[in-house]
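Notes for the one structure printed next.
All ligand and atom numbering here is 1-based and tracks the order in the structure.
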Amino acid sequence: MKTAILFESWHHGNTKKLCEAIKKEYDVTLLDVKEDAVELEEYDLICIASGVSFSKFYKEIEQATKDKMPEGKKVFLMYTCGKLGQDFAKNIKKTLSLKKCIILGTYCCKGHDTFGPLKLIGGLNKENPNEDDIQGAVKFYGEIIANFNKGDAPNGNVN
Ligand SMILES: Cc1cc2nc3c(=O)[nH]c(=O)nc-3n(C[C@H](O)[C@H](O)[C@H](O)COP(=O)(O)O)c2cc1C
């Protein structure tokens, strides 16, 4: 089984920390949407991972998903954000469902956020993602692949 994690993480590299922790434990390919060629056909399982901007995944990864995600793929989602409580994956899920992709789960956690005036106070969530958040993502991936063949979705850390 081949897994790719396509990510966009330019604010503080928060989301990238989750991706890199998964790569440390498992055989996955990390694709930075800003640097790497986005070719997803060969992968059996694809993660879309992003920071959140104005309640959505970042623009470039939203666009790459529209343009480059093959139809019918099994997908899971990860994001980091300033404030938990809403489903910031809502928009990307719509794109994926139009492509008949099967969404296996979503993992999210808080990330250091210094957007706008927050900078003046050093930002929110200075310590996040912390070790628990990062290990939560690794565990979540473990559950995703355990359920992969069964087609079950773990609950994830969805708010
Ligand atoms: C321009 C901008 C807009 C943001 N909008 C939101 C938002 O709508 N909701 C939220 O919870 N966090 C928001 N954030 C916080 C980021 O999603 C958060 O810091 C995230 O962890 C950044 O991920 P990254 O370091 O992987 O890029 C925003 C940050 C920036 C820079």
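For ligand 1, the atoms sitting less than 4.0 Å from at least one non-hydrogen atom of G82 are 10 (C), 11 (O), 12 (N), 15 (C), 18 (C), numbered in the order shown with element in parentheses. Short contacts between ligand 1 and S55, defined as distances under 4.0 Å to a heavy atom of the residue, involve ligand atoms 7 (C), 8 (O). Atoms of ligand 1 lying under 4.0 Å from at least one heavy atom of G111, given by number and element, are 19 (O), 21 (O). In the vicinity of G51, heavy-atom distances shorter than 4.0 Å reach the ligand 1 atoms 23 (O). Residue F88 approaches ligand 1 through these ligand atoms, each under 4.0 Å from one of its heavy atoms: 9 (N), 11 (O). The S53 neighbourhood of ligand 1 comprises atoms 1 (C), 2 (C), 3 (C), 4 (C), 5 (N), with distances under 4.0 Å to a heavy atom of that residue.
Closest heavy-atom approach to atom 4 (C) of ligand 1 within the set N125, L84, V52, L124: this belongs to V52. Relative to atom 22 (C) of ligand 1, the option among Y58, Y79, F54 with the closest non-hydrogen atom is Y58. Considering only non-hydrogen atoms, atom 18 (C) of ligand 1 lies nearest to C81 out of G13, C81, C108.
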- Task: Could you check T29 against I5 for side chain to side chain contact (heavy atoms under 4.5 Å, CB included), going step by step and ending with a plain yes or no?
- Result: CA-CA 6 Å; T29 301; I5 301 180; over 6 Å; no

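Checked for salt-bridge contact, K2 and E42 meet the test: a charged N lies under 4.0 Å from a carboxylate O.
The shortest non-hydrogen separation linking F57 to I48 is CE2-O, 3.7 Å. Nearest approach of F7 to C19, heavy atoms of both residues: CB-SG, 3.8 Å.
Between the side chain of K99 and the backbone N or O of M69, at least one donor-acceptor pair lies under 3.5 Å. Checking side-chain atoms of H112 against main-chain N and O of G122 turns up a donor-acceptor pair under 3.5 Å. Between the N125 side chain and the K110 main chain, no donor and acceptor come within less than 3.5 Å of each other.
Backbone and side-chain nitrogen or oxygen atoms of W10 are examined, and one is located within less than 3.5 angstrom of a nitrogen or oxygen of ligand 1. At a 3.5 angstrom cut-off on N or O pairs, T15 counts as close to ligand 1.
Within the 4.0 Å heavy-atom criterion, neither part of K110 lies near ligand 1.
Both tests pass for K74 against the ring of F148: distance under 6.0 Å to the centre and angle within 45° of the axis.
When only non-hydrogen protein atoms are considered, atom 19 (O) of ligand 1 lies nearest to H112 O, 2.8 Å. With respect to atom 25 (O) of ligand 1, the closest heavy atom belonging to the protein is H12 N, 2.7 Å. What sits closest to atom 20 (C) of ligand 1 on the protein, heavy atoms only, is T80 OG1, 3.3 Å.
Screening Y43, Y141, Y26 against T3 for a side chain to side chain donor-acceptor pair (under 3.5 Å) leaves a single residue, Y141.
Side-chain polar atoms of T106 and Y79 form no donor-acceptor pair below 3.5 angstrom.
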